[in-house]
Amino acid sequence: MSLSNRPELLTVRDLIRYGVSRLNAGQVSFGHGSDNAWDEAVYLVLHTLHLPLDTLDPFLDAHVLAEEREQVLALLDKRVRERVPAPYLTNEAWLRGRRFYVDNRVIVPRSPIAELLDDSLSPWVADPETVEYVLDMCTGSGCLAVLSALAFPFAHVDGVDISASALEVAMHNVGAYNLHDRVFLHCSDLFQKLAPRQYDVIICNPPYVNADSMHALPQEYRHEPHLALAGGDDGMDLVRRILTESPAYLAPKGLLVLEIGHERAHFESAFPQLEPVWLDSSEASDQIILLTREQLAP
């Protein structure tokens, strides 16, 4: 039976139930915006039907047109057969309630640093309005650069990435939030082409996945740019450079907020002399570190 000939799927509820079953049967991996089959099925169905993503109940028993059913089933089929992350299918990712355009030129936005920006890095930043310069290193889609500009309302924000194609996506997102006058994008291998400046805050979600973990990644993650994930044998290749080079770009008492994912053991082995503050997010307490300029360059 072709995907377009499933007349028994009459309602939004039917399509969601089918989607959950299909995702579970296909043993897909989650982690790109949802962590379970129900949430992902709901998202894909509502997005395809152009329904509000936060308003499900009134539409559950609404009947769908044949062409709508066909569109939903085709999207679910591609998600399962090709193991494409949902945000690449819909060209959008949601982070802290904000929408960002994405495609396979960038990793899917999911950094827990975004949660810390909700409160403008409080209490480590006492007054967000006094922050003048922020750097988002390895900006990718530009999501953290945008969120930084919103968190620090008077700051000049620089977003840096080595990938020119990633910066095309970032430029789209900067424009979507009308931040061209405050967020500036630079193509550079870390600090190499960046003009001298003393930043109050540097945030960075670098490639940090160690080699063994890279080999074990589910298929979904293999659709993301290898360059944005792979951190070398111990995951610390770029982290070493960032920690070495960032003090020259930090203002006195400036802060470096660095995501290292599940690599705490490798981080502590590589940098036994450092004593970072481990910042808590709702997901974990050992994935983000905070270091001051003075700790990095005593």
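Values below: all heavy atoms of this structure, side chains included; hydrogens, waters and symmetry mates excluded.
- Hydrophobic clustering (ILVMFWY, side-chain heavy atoms < 4.5 Å, transitive): Leu23 and Val20 are in distinct clusters.
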Open item on the list: If you apply the rule salt bridge (Lys or Arg N to Asp or Glu O under 4.0 Å), what do you find for Arg240 with Asp234, and how did you get there?
Closed with: CA-CA 11 Å; Arg240 289 183 177 87; Asp234 65 351; 2.6 Å; yes
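- Applying the 6.0 Å contact sphere to CD of Gln27 captures no more than 12 heavy atoms from other residues, nucleotides or ligands.
- In this structure, Gln198 and Tyr249 have side chains that are not in contact, with every pair of non-hydrogen atoms separated by 4.5 Å or more.
- Of the possible polar contacts, none joining the Asp35 side chain to the Gly31 backbone as a donor-acceptor pair under 3.5 Å is found.
- Under a 3.5 Å cut-off, the side chain of Ser213 and the backbone N or O of Val209 do not form any donor-acceptor pair.
- Within the cation-pi definition used here (under 6.0 Å to the ring centroid, within 45° of the axis), Arg110 does not qualify as a partner of Trp94.
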Open item on the list: With salt bridge (Lys or Arg N to Asp or Glu O under 4.0 Å) as the criterion, how do Glu294 and Lys253 come out once you've worked through the C-alpha distance, each side chain's angles and the decisive distance to 0.1 Å?
Closed with: CA-CA 7 Å; Glu294 287 67 29; Lys253 299 185 180 179; over 6 Å; no
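- Here the CD1-OH distance, from Ile16 to Tyr18, works out to 14.5 Å after rounding to the nearest 0.5 Å.
- With contacts defined as side-chain heavy-atom distances shorter than 4.5 Å, the pair Leu229/Pro207 does not qualify.
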Open item on the list: Using the rule given for side-chain contact (heavy atoms from CB on, under 4.5 Å), can you reason through Cys143 versus Phe100, listing the C-alpha separation, both sets of side-chain angles and the distance that settles it, and then say yes or no?
Closed with: CA-CA 7 Å; Cys143 59; Phe100 295 95; 3.9 Å; yes
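- Formation of a donor-acceptor pair under 3.5 Å by the Ser120 side chain with backbone atoms of Ala151 is found in this model.
- Within the 3.5 Å criterion, the main-chain N or O of Val157 finds no donor-acceptor partner in the side chain of Arg182.
- Two residues are said to be in side-chain contact when any heavy atoms from C-beta on lie closer than 4.5 Å; Val160 and Leu190 fail this criterion.
- The backbone N or O of Val28 lies less than 3.5 Å from no partner atom in the side chain of Arg83, so there is not a single donor-acceptor pair.
- No side-chain heavy atom of Asp39 sits under 4.5 Å from any side-chain heavy atom of Val42.
- Electrostatic pairing of Glu220 and Arg79 counts as a salt bridge here, judged by a charged N lying under 4.0 Å from a carboxylate O.
- A 4.5 Å side-chain heavy-atom check between Tyr208 and Leu258 finds every atom pair outside the cut-off.
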- [ ] Could you walk me through whether Ile203 and Ser148 pass side-chain contact (heavy atoms from CB on, under 4.5 Å), step by step?
- [x] CA-CA 9 Å; Ile203 61 174; Ser148 294; 3.1 Å; yes
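- The closest side-chain heavy-atom distance from Val12 to Val45 is below 4.5 Å.
- With Leu117 as the fixed residue, the side-chain contact (heavy atoms from CB on, under 4.5 Å) test singles out one of Leu147, Val257, Val201: Leu147.
- Looking only at side-chain heavy atoms (C-beta outward), Leu185 and Val174 come within less than 4.5 Å of each other.
- Atom CG of Leu89 is separated from atom CD of Glu82 by 8.0 Å, given to the nearest 0.5 angstrom.
- In this structure, Ser246 OG and Leu255 CG are separated by 11.5 Å, a value rounded to the nearest 0.5 Å.
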TODO: Output, in order, the C-alpha distance, side-chain angles, deciding distance and verdict of side-chain contact (heavy atoms from CB on, under 4.5 Å) for Arg69 and Leu15.
DONE: CA-CA 8 Å; Arg69 179 168 61 243; Leu15 288 175; 4.1 Å; yes
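- The aromatic ring centres of Phe154 and Tyr133 sit 6.0 Å or more apart.
- With Leu9 as reference, Leu73 is the one residue of Leu73, Val64, Val72 to meet the side-chain contact (heavy atoms from CB on, under 4.5 Å) rule.
- You'll find the side chain of Asp158 reaches within 4.5 Å of the side chain of His156, heavy atoms only.
- No side-chain donor-acceptor contact under 3.5 Å links Thr139 to the backbone of Gly159.
- More than 12 heavy atoms of other residues, nucleotides or ligands sit less than 6.0 Å from atom NE2 of His180.
- Atoms CD and OH, on Glu168 and Tyr101 in that order, are 10.0 Å from each other to the nearest 0.5 Å.
- Put simply, the side chain of Thr55 never gets that close to the backbone of Pro52: no donor and acceptor are under 3.5 Å apart.
- Separation of atoms CD1 (Ile288) and CD (Glu115) is listed at 7.5 Å; rounding is to 0.5 Å.
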- [ ] List the steps, then state whether salt bridge (Lys or Arg N to Asp or Glu O under 4.0 Å) holds for Asp189 with Arg241.
- [x] CA-CA 10 Å; Asp189 182 359; Arg241 291 181 54 196; 3.1 Å; yes
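- Test Glu224, His223, His32 against Ile107 for side-chain contact (heavy atoms from CB on, under 4.5 Å) and you get one pass: Glu224.
- Residue Leu49 holds its CG atom at 9.0 Å from CG of Leu65, rounded to the nearest 0.5 Å.
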